[in-house]
Amino acid sequence: MSSATPITVAHGDGIGPEIMAACLSILQEAGARLDIETIEIGQAVYERGHDTGIEPSAWESLRRTRVFYKAPITTPQGGGFKSLNVTIRKTLGLFANVRPCASYAPYIETKHPNMDVIIVRENEEDLYAGIEHRQTPQVYQCLKLISEPGSRKIVRYAFEDAKRHGRKKVTCFTKDNIMKLTDGLFHKVFDEIAAEYPDIENEHWIVDIGAAKLADSPEAFDVIVMPNLYGDILSDVAAQIAGSVGLAGSSNIGANYAMFEAIHGSAPRRAGQNLANPSGLLHGGILMLLHLGQADIAQRIHNAWLKTIEDGIHTYDIYSEERSTQKVGTKEFAQAVIERLGQEPSTLKTVKYNISEPADLSKFDIGDTSKVKKDLVGFDAFICWTGSPDDLAAKLDGVQTGSLKLQAITNRGVQVWPGGHPETFCSDHWRCRFVGQNTIPHTDIIQVLSNIADAGLDFIKTENLCKFDGKPAYSGA
Ligand code: NAD
């Protein structure tokens, strides 16, 4: 038997302390080999003036143990507070958010009795970079950033996780019919990496119809990998249609650190009443034990939990007259699981974790872009202005230089000059595209911008137009 593994535990806010106490008692009784360090996070820490909800000293524990078992916290209302989860994910490089969502019919009500899906969500990029600007009186912008290393890491992780858990299929959701460059990159990386796993089926769905299919027939999916925003939304949908958001756990995984939690929040209205369901956090704990190589204990707990559910011992959130035998509180539910350690369910599928060690994420191939040839061929000047497209084009006529000519003007992505339709609504946010015959130096852009300013126009930002290995890499008008 291996020695105890150090982990950091936070008891959180609201129902957090009750469900964490319940889970730790189950883990301990099951024989989990853990050496626990406790830190404080959440509301009290925010109120002491730490705007991220975590004290500097707590990071020392996380750096030491590298494994965080976290109860939900209450995020204070109002400005000035930063999300603790986002801070932890970004600081510790937790790029993968993994949420298994299974149904437990007929013991827990669900419209989807055969559902067993793992959602793998990219955790660091996409619109969650948090780069937003109000650019004009009318228009606000949020930047969507998708990187090749980020896409490679998450897609590789999804296939490795599928392989480790004996899953048969990995599906990718993107919206690359519209976002051809950003989501297009994610899809391309998915196709490339999928080819390395011939034993695992792969498929791609456009996220809108994929989401509809997931909500209607989740049993058609096995593992689904997605960029951050789609994953954020659809992992909640998946958990809810499986039966309850109170049941699902999640892991947040990086090359050096990992965090495990329930997907739900601190449910403050239920706090301190011994009511809350500890199952979501317990599932987070099971994922943690698998991560720590304690699959034997994870399996023991998971099967005891299934048996408890099957015996109809339910907390208020999943209790029903016809399906349950006993309505219990948090502590009694934990005790019922402990009493069933060593037992297996008879109707629900017994869990068998014959799984290998997790893949070494630090060795993931993140692609080599060092030899890509990048040429500057023009730029888009974004201008804050009110008037007609033809008037703007006339004003811009004089700002062109020998090397950079005005090619097109668009408004919210629709070309309004040359050509254009009188019906198109135009905001005060104009993209004016200047292109050269050949590659251009940056100083040519500066000259045009200087001319734009001299013409009394308010440029609000620029985007360079580049060719990569000779291919244009920007959206058309
Ligand atoms: P919530 O998940 O706390 O509660 C939503 C609903 O689900 C409530 O009706 C609640 O009673 C019920 N519920 C949730 N967990 C339950 C459980 N284990 N057992 C029984 N019922 C349960 O979401 P909310 O009310 O939107 O948020 C409350 C607080 O939690 C907010 O401050 C929010 O910011 C925070 N939050 C924290 C995390 C986190 O720490 N990871 C995640 C989500 C929300």
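Whatever order the structure lists ligands and atoms in, that order sets their numbers, starting from 1. Here, residue 1 is the first one in the sequence, and each next residue gets the next number.
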Pick from Val207, Ile224, Ile209: which one makes a side-chain contact (heavy atoms from CB on, under 4.5 Å) with Leu214?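 Only match with Leu214 under side-chain contact (heavy atoms from CB on, under 4.5 Å): Ile224.
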Any side-chain donor paired with an acceptor under 3.5 Å for [X] and [Y]?
X	Y	result
Thr347	Tyr107	yes
Asp428	Thr386	no
Tyr128	Asp232	yes
Arg164	Tyr353	no

Measuring from non-hydrogen atoms of Ile19 to any atom of ligand 1, is the shortest distance under 4.0 Å?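 Judged by the 4.0 Å heavy-atom criterion, Ile19 does not count as contacting ligand 1.
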Is the closest heavy atom of Gly280 to ligand 1 under 4.0 Å?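 Judged by the 4.0 Å heavy-atom criterion, Gly280 does not count as contacting ligand 1.
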Under 4.0 Å, heavy-atom basis, I'd like to know which part of [X] is in contact with ligand 1: side chain, backbone, both or neither.
X	result
Thr315	neither
Pro268	side chain
Asp317	side chain

Among all protein heavy atoms, pick out the one at the shortest distance from atom 18 (N) of ligand 1; state its residue, atom name and that distance to 0.1 Å.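 Checking every protein heavy atom, the shortest distance to atom 18 (N) of ligand 1 gives Asn277 O, 2.8 Å.
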Counting only non-hydrogen atoms of the protein, does one fall under 4.0 Å from [atom]?
atom	value
atom 3 (O) of ligand 1	yes
atom 28 (C) of ligand 1	yes
atom 8 (C) of ligand 1	no

Polar contacts were defined as any N/O atom of the residue lying under 3.5 Å from an N/O atom of the ligand; does this apply to Ile15 and ligand 1?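 It does not: no N or O of Ile15 is found under 3.5 Å from an N or O of ligand 1.
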For Glu196, is there an ion pair with Arg156 - N to carboxylate O distance below 4.0 angstrom?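 Counted as a salt bridge, because a side-chain N and a carboxylate O are separated by less than 4.0 Å.
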Given Gln43, His264, Lys70, which has its nearest heavy atom closest to atom 14 (C) of ligand 1?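 It is His264 that holds the nearest heavy atom.
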